[in-house]
Amino acid sequence: QVQLVESGGGLVQAGGSLRLSCAASGRTFSRYTLGWFRQAPGNEREFVAAIRWSGGSTYYTDSVKGRFTISRDNANNTVALQMSSLKPEDTAVYYCAATNRIALTTIPGNYNYWGQGTQVTVSS
C-alpha cells in the first residue's frame, strides 16, 4: 500500500506561481511512475505531468509545457509540481498519483494510488 499526501495548493493571481508537493509513504517503489492530474468542476480528471521514479524522464500535457515542471526527490520520497505563469484555466483540484507501470502513462485508470487532492485557484 502506498499513501500519497499533497500540499501546497492555494489562491494565486494570474501570472503567479505555486509549488505543489506530494509525499509518499508506506511501500515505496523505486521504479514507479508518479503523475499529477487535475479536475475542475464539471470536468473529467485530466493528466498534467508525469515522471519516472528512476531515470527522470518526464512528460507534460501541451497546455502546461513551458510553465510547469515536475521533479522528484527519491531520498525523501517526494514529487513536486512547480507551476508558473498560472492562468485562470489552471484552477482545479490537483491530485498526485502513482503507478507500478514503468512507462510514462497519461491514463488515470493506469494509476494504482491517489492522494486526496489539493485545491489550486487562479484569479484573473
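Here, residue 1 is the first one in the sequence, and each next residue gets the next number. Just so you know, these numbers come straight off a predicted model, no measurement behind them.
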Trainee: Give a yes or no on whether a salt bridge exists between D62 and K65, defined as a side-chain N under 4.0 angstrom from a carboxylate O.
Mentor: yes

Trainee: Considering residues at least two apart in sequence or located in another chain, which fulfil the salt bridge (Lys or Arg N to Asp or Glu O under 4.0 Å) criterion with R45?
Mentor: none

Trainee: Step by step, work out the side chain to side chain contact (heavy atoms under 4.5 Å, CB included) result for L86 and Q13.
Mentor: CA-CA 8 Å; L86 283 162; Q13 289 187 332; over 6 Å; no

Trainee: Could you pull out all residues at least two apart from D73 that satisfy side chain to side chain donor-acceptor pair (under 3.5 Å)?
Mentor: N76

Trainee: Taking only residues two or more places apart in sequence, or in another chain, which ones meet T78 in a side chain to side chain donor-acceptor pair (under 3.5 Å)?
Mentor: none

Trainee: Restricting to side chain to side chain donor-acceptor pair (under 3.5 Å), what partner residues turn up for N43, sequence neighbours left out?
Mentor: none

Trainee: S7: what forms a side chain to side chain contact (heavy atoms under 4.5 Å, CB included) with it, not counting sequence neighbours?
Mentor: S21

Trainee: Could you work out, with salt bridge (Lys or Arg N to Asp or Glu O under 4.0 Å) as the rule, every residue matching R19, not counting sequence neighbours?
Mentor: none

Trainee: If we only count heavy atoms from C-beta on, is the E6 to W36 side-chain gap below 4.5 Å?
Mentor: yes

Trainee: Kindly compute the distance separating CZ (F68) from OG1 (T58), expressed to the nearest 0.5 Å.
Mentor: 14.0 Å

Trainee: Are V120 and M83 close enough that some pair of their side-chain heavy atoms sits under 4.5 Å apart?
Mentor: yes

Trainee: Got a sec, which residues hit side chain to side chain donor-acceptor pair (under 3.5 Å) with T106, two or more places apart in sequence or on another chain?
Mentor: none

Trainee: When Ile, Leu, Val, Met, Phe, Trp and Tyr are grouped by side-chain heavy atoms lying under 4.5 Å apart, directly or through other members, which residues fall in the same group as V5?
Mentor: none

Trainee: With ILVMFWY side chains joined below 4.5 Å, transitively, what does Y59's cluster contain besides itself?
Mentor: F37, F47, V93, Y95, L104, Y111, W114

Trainee: Apply salt bridge (Lys or Arg N to Asp or Glu O under 4.0 Å) to E46 and list each qualifying residue two or more places apart in sequence or on a separate chain.
Mentor: R38

Trainee: Check whether any side-chain heavy atom of R52 lies under 4.5 Å from a side-chain heavy atom of I102, and answer yes or no.
Mentor: yes

